[in-house]
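Please read the structure below before turning to the comments.
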Amino acid sequence: MVNTIKQISPKLQNSSHTSLIHFLSFSAKLFTMPPPMASSTPTRYYIPSSKPSHPSSQTPLSKPSKPSPKLISSSSSPCPSPSLSSSTSASSSHGRSPVLGPEFRRSRSTRVISKRNTTSPKPPNLTSRPASPASRDCLAAITRSSDATTVNTLRSFHPRLSIPEDYCSILHELGDREKSPFKASEIYNFSMPLMRNLTEKGKLLTAAISSFGKMGSHDLARNVFDKGLSDGYGNTVYAFSALISAYARNGMSSEALVVFETMKGRGLRPNNVSYNAVIDACGKGGVDPIISMALFREMLGVGLLPDRKTFNSLLAGFSRVGHLDNARMLFDEMIFSGIGPDIYTYNTFIDAVCKCGNMELAVQVVSEMPAKGVHPNVVTYSTVIDGYSKLGRFDEALNLYEEMRSRGIQLDRVCYNTLLSIYVKTGKYEEIAKVCNEMEVMGIEKDTVTYNSLINGYGKQGKFDVVSRLIQEMRERKVPPSVLTYSTLIDIYSKAGMYGDAANMFLEFRESGLKADVVLYSSFIDTLSKNGLVEFAVWLLNEMVKMGIKPNVVTYNAVIDAFGKSRISVEEDGVQQDSGDPESCGGQIVKAFGQLARGIGRPVADETKRSEELLCILDLFQKMIQQGVKPNVVTFSAILNACSRCNSFEDAKLLLEQLRLFDDFVYGVTHGLLMGCNDVWIQARSLFDELRRMDQPTSSAFYNALTDVLWHFGQRLGAQKVVLEGVHRQVWENTCSEFSLDLHLMSSGAAQAMVHAWLLSIRSVVFAGRKLPEFVSILTGWGKHSKIVGASTLRRVIEALLNTIGAPFQLERYNIGRFVSPGAVVSAWLMESGTINILLLHDSRSSDPLIPANLLPRLQALQL
């Protein structure tokens, strides 16, 4: 950096070069900033007033006392706005900041903002003069006519058109007005023979590349570029820059960077347009902003000054990844350098602020805009509304929507979609209908995003008749479904137990020509796995890899957890259900798949099927290692669940051995508990302490899996100790009170062990001379979330246990998910001499001194 500054220092006599030195210093500062730490806590800023005041009067932005913030003051003469350039970070003096949901970090609204920005000035077209009346008339005739008449229209206007300016103008304007690559190709092919020299051909080529890029036809842009390059009129800065822009518009950053480097390799010197285009491509293609900043420094190093377009592109890149500090520095630098921010700049910066969850700062920035001569538009409002929505602050979002309406700002499709999304999340279906009607009246057609929101909302409510009508309406209106459309349909059908419909949707997706992503495949693999169709799930996983989609740990966890489930699916009457039965849930999927996966799901003996599934799962572990997929605690839980479904201890040990591939510590603890080693409990408690730091669903799933495998293989006392460790650490919410037991969050093994411990505890109360309450109860749940509603597996397991030990509990008359017994009856039963022997649990294996020491856990850092 210092060498670059020294090289251009002799040019400092000119003020523009002084600005260049300033930008170089600024870029060095920004480029060397450490990357922002990922945090769910929004950054808070002190925004000092523009009026002189005592320092103590500066207060941090905080949540407004009123639940209905206004972006713009209703006063006719707004107060002077504070400057962001003086903003500094500060810790919030208030309570805990709102926790952001995972969707906050997805690419959200910046790309939408860039597409919806219609008010920022377009860069001047250096290859043509303003459009002539003849070219405007010709373009109007072309847009009104069909594709087949394009050439005839050009012939009729040819005598009045100037070469090459009018033809270039027609191509440029056609790209702005409509997406018709065929018409653009016809215009280009008709016009090229009319060009009189290489310069004119180069200008026409640039216009054609630009037009194709605006239409999204980057492949056609590349074809004409390659032809121009081979014929000698395409080796220009303008043609290369136009192709880079075409790739940028389509988010193809890698291709844009290759073209940029090729351009320099051919001896061409990139100009501002070239650098702006490639920086823009990096931002839209999700490239690390460090690369964009490197291009920015390179631009300064060759003596080019940035303009508003440069800063806007950099700002959009930082906004996309949620780097608020860097975005703020760029925003302040624009103001300091005299490059006034436009509406696009403000909208992009506000989007970055909203991505970080600092809605108070977003409102503050919007309130400054009128004083700077920039007025909020529909994009500004919808960005802030979307920000509030992502935080679950729906009331504030809807209040801004009302303010927007009161100011006469007309909603666009994106804003309507945001509003529909809020109503879907809040279950306001009458409002959804009103918004849809309003869109129809305003002539705004529903797009794919609109339908996705509606399908998701009505599907979660179980209104599948409405979902079917929406799908039919999409087909009739020729609205193309997206990958998200199919993912949503598969998800809602699966959760409703409509597995045949879910399978049919997946098959329809395969025929759609859309490029699948890991989310869609993982979603359907999870559906297959939950129905015990391990072979189908593995087949689909292999197909996924063949298509170049890398499975993630979630995909593998779903398949591992499926092992053995096809043999334990039980109907309400207690009869086992085969997943190959056409009437079963899994049978629906097998029927839907038909001949797609020929040979899979064939009827085989139970033991043969179990052996095949075991080999599949063992093969999965090897693939995880080969592909570098790191397991997590959910993987360990899935392995333990698979072990508990093994018929033999030898099979379970084969699966358990896979834990050693990933984590010796977890393997050692589990193996030690299964073998009844008393010495392992010190390490086991260390493991449980680590689990305590995790979220409740994850930690409880591990406890459930561990107790299930211990209970299944006869380590009943060990399972009970693990459960009590979990209860002590409050793994399950509100599990146990003195005379009431809540088991509905526990697995069958954990619940049975807990029943024994709870009854022993009540027995100690009885023998201490205390009287039991009128009733004592055990809650299992009635099966609301079971595949077959009301068929609770846990309820049946506990009912069988209570009958086996002779405990005097009965199902409550009006609640089939609760067992109750009079306190006096339970007390009498517990006083019987034989009860204590029934309640005390034992292990089938105990510590053996001949067990090799290397099988005990190695004391090393726990890696979860």
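Side-chain atoms are counted along with the backbone in the values below, which use heavy atoms only and exclude waters and symmetry mates. As the structure is a computational prediction, the values presented were derived from the model and not from experiment.
- At a threshold of 4.5 Å between non-hydrogen side-chain atoms, the residues Leu687 and Phe702 count as touching.
- Residue pairs that meet the side-chain hydrogen bond (donor to acceptor under 3.5 Å, both in side chains) test with at least one member in residues 633-643, sequence neighbours left out, are Asn557-Thr635, Asp561-Asn641, Asn632-Thr635.
- With no hydrogens or angles considered, no side-chain donor-acceptor pair links Asp526 and Ser523 at under 3.5 Å.
- Between Tyr521 and Phe506, the distance from one ring center to the other falls under 6.0 angstrom.
- Note: His756 and Trp711 have tilted aromatic rings, judged against thresholds of 30 and 60 degrees for the angle between ring planes.
- With a 4.5 Å cut-off on side-chain heavy atoms, Leu802 and Glu799 do not count as touching.
- The closest side-chain heavy-atom distance from Phe509 to Val483 is below 4.5 Å.
- Using a 4.5 Å heavy-atom threshold, the side chains of Val545 and Lys550 count as separate.
- Considering only heavy atoms from C-beta on, Pro631 comes within 4.5 Å of Met624 through its side chain.
- Between Val820 and Val776, the closest side-chain pair of non-hydrogen atoms is not below 4.5 Å.
- Asp491 and Thr488 share no donor-acceptor pair across their side chains, judged by distance under 3.5 Å alone.
- Counting all heavy atoms, side chain and backbone alike, Leu743 lies closest to Leu794 at O-CD2, 3.2 Å.
- Side-chain contact of Asn456 with Lys425: a donor-acceptor pair under 3.5 Å is absent, judged by distance alone.
- Applying the ring pair (Phe, Tyr, Trp, His ring centres under 6.0 Å) test to Tyr703 and every residue at least two apart in sequence or in another chain returns Phe688, Trp732.
- How far NZ of Lys721 is from CH2 of Trp681: 6.0 Å, rounded to the nearest 0.5 Å.
- Taking the six-membered ring for Trp and the full ring otherwise, the centers of Phe636 and Tyr667 sit at least 6.0 Å from each other.
- For the pair Leu759/Trp829, a side-chain contact is recorded, criterion being any heavy-atom separation below 4.5 Å from C-beta on.
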For this session: Under the salt bridge (charged side-chain N to carboxylate O under 4.0 Å, His left out) rule, what do Glu543 and Arg510 come out as? Steps first, then yes or no, please.
Result: CA-CA 11 Å; Glu543 184 191 68; Arg510 283 171 54 90; 2.2 Å; yes
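- The shortest non-hydrogen separation linking Val731 to Ser700 is CG1-CA, 3.3 Å.
- With a 4.5 Å cut-off on side-chain heavy atoms, Ser777 and Leu741 do not count as touching.
- One finds the CG atom of Leu656 at 6.0 Å from the CG atom of Leu674 (value rounded to the nearest 0.5 Å).
- Applying the side-chain hydrogen bond (donor to acceptor under 3.5 Å, both in side chains) test to pairs two or more places apart or on separate chains, those with a residue in residues 764-774 are Glu738-Arg770.
- Contacts of Arg729 classified as side-chain hydrogen bond (donor to acceptor under 3.5 Å, both in side chains), with partners at least two apart in sequence or in another chain: Asp689, Glu725.
- Between Val709 and Leu706, the shortest heavy-atom contact is CG1-O, 3.1 Å.
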Exercise. So Tyr556 and Phe621, ring-ring contact (aromatic ring centres under 6.0 Å, His included) or not? Walk me through it.
Worked result: CA-CA 9 Å; Tyr556 281 108; Phe621 293 123; 9.0 Å; no
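- For the atom pair CD of Gln696 and CG of Leu745, the computed distance is 7.5 Å after rounding to the nearest 0.5 Å.
- In this structure, Phe665 and Ser686 approach most closely via the heavy-atom pair CZ-OG, 4.1 Å.
- When only modelled atom types and interatomic distance are considered, Ser844 and Gln715 share a side-chain donor-acceptor pair under 3.5 Å.
- Within a 6.0 Å radius of CD in Gln810, other residues, nucleotides and ligands contribute 12 heavy atoms or fewer.
- Here the straight-line distance linking atom OG of Ser522 with atom CD1 of Ile490 works out to 11.0 Å at 0.5 Å rounding.
- One finds the CG atom of Asp742 at 8.0 Å from the CZ atom of Arg818 (value rounded to the nearest 0.5 Å).
- The two atoms that bring Leu841 and Arg716 nearest to each other are CD1-O, 3.7 Å, heavy atoms only.
- Legend: residues meeting salt bridge (charged side-chain N to carboxylate O under 4.0 Å, His left out) with Lys653, ordered by chain and number and at least two apart, are absent.
- Between Arg795 and Phe819, the shortest heavy-atom contact is O-CZ, 3.7 Å.
- Other residues, nucleotides and ligands contribute at most 12 non-hydrogen atoms within 6.0 Å of the NZ atom of Lys460.
- Under the rule for a ring pair (Phe, Tyr, Trp, His ring centres under 6.0 Å), Phe809 has no partner lying at least two apart in sequence or in another chain.
- Summarising the geometry, atom CG belonging to Leu541 is positioned 4.5 Å from atom CD1 belonging to Ile525; distances are rounded to the nearest 0.5 Å.
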